[in-house]
Each structure stands twice: as C-alpha cells, then as structure tokens.
Amino acid sequence: MKNCASIPTFLCAAGLLLSCGENGASAAPGPEFALGADISWVTELESGGHRFFNADGVETDCFRLMKELGLNAVRLRVWVDPSEHGSWCNADDLLEKARRAAAEGLDIMVDFHYSDWWADPAKQTVPAAWQSHSFTQLKEDVRARTTDVLRRLKKGRISPKWIQIGNETSDGFLWDAGRAGANPAQYAELFAAGHDAAKSVFPKAGVIVHLDNGFDNELYNWNLDILKEHGARWDIVGMSLYPYWAVSSGREPDAGTTISDCLSVIRNVGEKYGCDVMIVETGMECADDSGRLAPQSVLEEGREQLRRILRECRNLPGGRCAGVFYWEPECRPSQYRLGAFTEDGRPTAIMDAFLEF
C-alpha cells in the first residue's frame with residue numbers, strides 16, 4: 001500500500017509445502033481461508049492515545065477486536081530503518097505486534113518492505129545504509145535482513161504463517177538494481193535471496209510475491225514470468241485489489257467490473273503457475289475528500305463489495321484463493337479514506353462483511 005500522504009492516489013496456509021514445480025510455485029493449497037487485516041498502524045495510533053471499541057461501545061484491545069469481528073489473521077509490515085519516521089514498523093515494533101497477535105491466536109503475515117519507509121509501485125527506495133552497496137552486497141543485505149528479523153520472531157516463539165518478500169514489487173524492488181523492467185534477472189535474484197532466507201528460518205511458511213492492481217492480468221503474467229524464467233520460487237501470489245483507486249484512476253469502469261476482473265486474474269494465475277493466490281490488500285471507501293466519515297449508504301456499499309470479494313474468492317473453483325486481507329481498517333477516516341472504522345475507533349458497517357464467514 002502507498003503512503004497515505006502520497007496517494008492521489010496477496011497462498012497457501014503454512015503447513016508442509018511441496019517442492020516447487022516447473023512454474024516456480026508450490027501446488028499445495030491450504031485448508032483454511034484467511035480472513036485478515038493489516039493493522040500495522042495500531043501501535044502508532046495507540047501511542048497518541050487512540051482507543052478502540054466494539055459494537056457495544058466497550059473499549060477493546062485492537063487485536064482482540066479483530067478476532068471479535070471474525071478475523072483469523074493479521075498482516076504486519078516491517079521497514080529497515082524508519083528512525084526518521086518515529087521508528088514505527090521497525091523490527092522491535094513488529095515483534096511487539098506479533099506477540100499481541102499470537103496471544104489472540106491470530107495467524108501472522110510478515111510484510112517485508114526492503115526500504116526505510118513506504119515501498120510500492122511508485123517507489124522502491126534502497127535503505128540509506130545500503131545505498132552505496134554493489135548488487136552482490138544488496139543480495140546479502142536482503143538475506144541478512146530477512147534472516148535477522150525472522151530469527152527474532154523465532155526466538156520469541158512466534159511463527160509467521162506467511163512471509164511476503166517485498167511490497168507491491170510490480171516493477172521489482174531496491175531500485176534501480178532490482179527494477180524488474182530494466183534488470184529482470186537481478187530482480188529475480190533479489191527475490192530469491194529473500195525467499196531462501198525466509199525458508200531457512202521458517203521452512204513451512206508460505207512465501208509470497210506481492211503485486212498491485214489485481215485486475216491487471218498482463219502485469220501478473222509479465223512479472224511472474226520474469227521470476228519463473230530466472231529460477232526464483234514462491235508459494236503464493238499476493239494481490240492488491242482496490243476498486244476505489246482502480247475506478248478513480250480510470251483503469252476500470254466500475255467497482256463490480258474491477259472485482260470480476262480480479263477474480264479472473266486469480267483463476268489465470270492459479271492455473272498458469274500452479275499456486276495459490278491471496279488478496280493481501282483491499283479496502284473500501286470510508287471517508288470523503290475532507291477526511292470525514294462517509295455517509296452510511298457509502299459504508300453499506302463498501303460492505304457489499306467486501307462481501308462479494310470474500311464470498312467469491314472463498315468459493316472459486318479449485319480453491320486457489322486462500323484468503324483476503326483488509327488494509328488498515330482500524331485507522332481514522334481523517335488518516336486514510338479506505339479504512340473501515342470511525343474517527344473514535346469503532347467498526348463501521350464495512351467490517352460486518354467478515355462476520356458472515
């Protein structure tokens with residue numbers, strides 16, 4: 001997901017993963033459908049005094065509240081050195097949030113941004129400490145960083161179910177060395193370094209390659225073919241699916257078509273690469289242009305869109321979609337317009353969609 005300030009702007013469940021086949025992906029589907037949310041902002045929000053309440057108005061821990069709302073998993077991002085941005089989402093912050101998630105029995109996805117700040121299709125900035133490094137050194141940086149963070153989790157007796165190597169790496173990461181369009185082989189090598197590091201610590205975790213614009217079949221063919229051609233392996237393809245941004249950018253005509261196109265891409269990716277797919281980011285309109293909570297009719301429309309995504313992803317023939325994660329539902333409407341809570345920390349109608357499952 002992009003930094004909210006810059007926006008004018010997914011799998012198989014962990015278990016015994018089969019060795020990769022000729023398409024570079026495992027063909028072992030997981031038995032449980034993940035209902036998740038990325039709530040990486042939670043500790044930063046809490047540090048400012050923000051609190052969370054359930055539907056009855058009872059103050060509730062955010063992780064416990066996610067479980068009450070029907071979720072069984074959380075996604076947590078980790079940056080390399082965000083010290084210039086309050087150190088939120090560094091390794092220590094990740095560990096604290098992972099402990100809280102584990103205490104509630106929630107499955108955990110770790111989302112590695114190989115950057116000191118937001119990484120997305122518009123920017124994949126090399127961390128400051130790595131900027132003078134050669135390509136060979138960058139591969140070692142990815143390996144060492146991935147291994148170090150995951151070993152810290154393991155030492156804390158926390159086992160992530162999924163590990164995402166890079167965030168929305170639609171044109172690669174660690175630019176320009178790992179830009180997929182300019183240096184496809186190097187992009188694949190960097191991804192492979194992260195994949196192998198993750199498997200060295202948690203061999204049963206599902207390793208994810210994550211791209212944006214889940215409605216764009218051409219993008220998925222292009223990027224995944226690069227990884228396959230150059231010998232990189234993955235277990236799960238992660239997608240971002242934001243009907244609101246797809247329509248407002250003019251890429252898609254309406255939300256319904258965006259969702260239908262994404263379901264088609266999920267089927268195509270599953271069949272072509274023999275792997276599971278997961279929507280690791282989605283979100284519906286929750287705020288207006290002024291950051292105020294959207295009208296109830298808009299929230300209910302968002303609930304229906306999310307219901308459709310959950311229902312049709314779960315029921316896809318072949319079971320190739322293994323889950324759906326909402327991106328930062330707990331945030332304030334004034335912070336980001338595609339959250340799913342009120343300004344004072346209460347779930348909106350959008351979150352009701354999860355309770356049906």
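Just so it is clear, the structure is predicted and the values come from calculations on it, not from any experiment. Each residue takes its place number in the sequence, starting with 1.
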Is it true that a side-chain atom of [X] and a backbone atom of [Y] form a donor plus acceptor pair closer than 3.5 Å?
X: Asn315; Y: Arg311; answer: yes
X: Thr125; Y: Ser115; answer: no
X: Arg337; Y: Ala287; answer: yes
X: Tyr244; Y: Ala255; answer: no
X: Asp288; Y: Ser290; answer: yes
X: Tyr336; Y: Gly291; answer: no
X: Lys154; Y: Val201; answer: yes
X: Lys97; Y: Val42; answer: no

Pairs in or reaching into residues 217-227: which pass salt bridge (Lys or Arg N to Asp or Glu O under 4.0 Å), with residues at least two apart or in two chains?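 Sorted result for residues 217-227: Asp225-Lys272.
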For the residue pair Phe112 and Tyr114, categorise the inter-ring angle as parallel (less than 30°), tilted (30 to 60°) or perpendicular (more than 60°).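 Phe112 and Tyr114: parallel rings.
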Check whether any side-chain heavy atom of Thr43 sits under 4.5 Å from a side-chain heavy atom of Glu46, and report yes or no.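 In short, these two side chains touch, coming nearer than 4.5 Å.
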Just how far is it from atom CG of Asn54 to atom CZ of Arg346, taken to the nearest 0.5 Å?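 It comes to 8.5 Å.
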Quick one about Ser134 and Gln137 (side-chain donor to acceptor, distance below 3.5 Å, no hydrogens or angles considered), yes or no?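 Checked: Gln137/Ser134 side chains pair up, N/O donor to acceptor below 3.5 Å.
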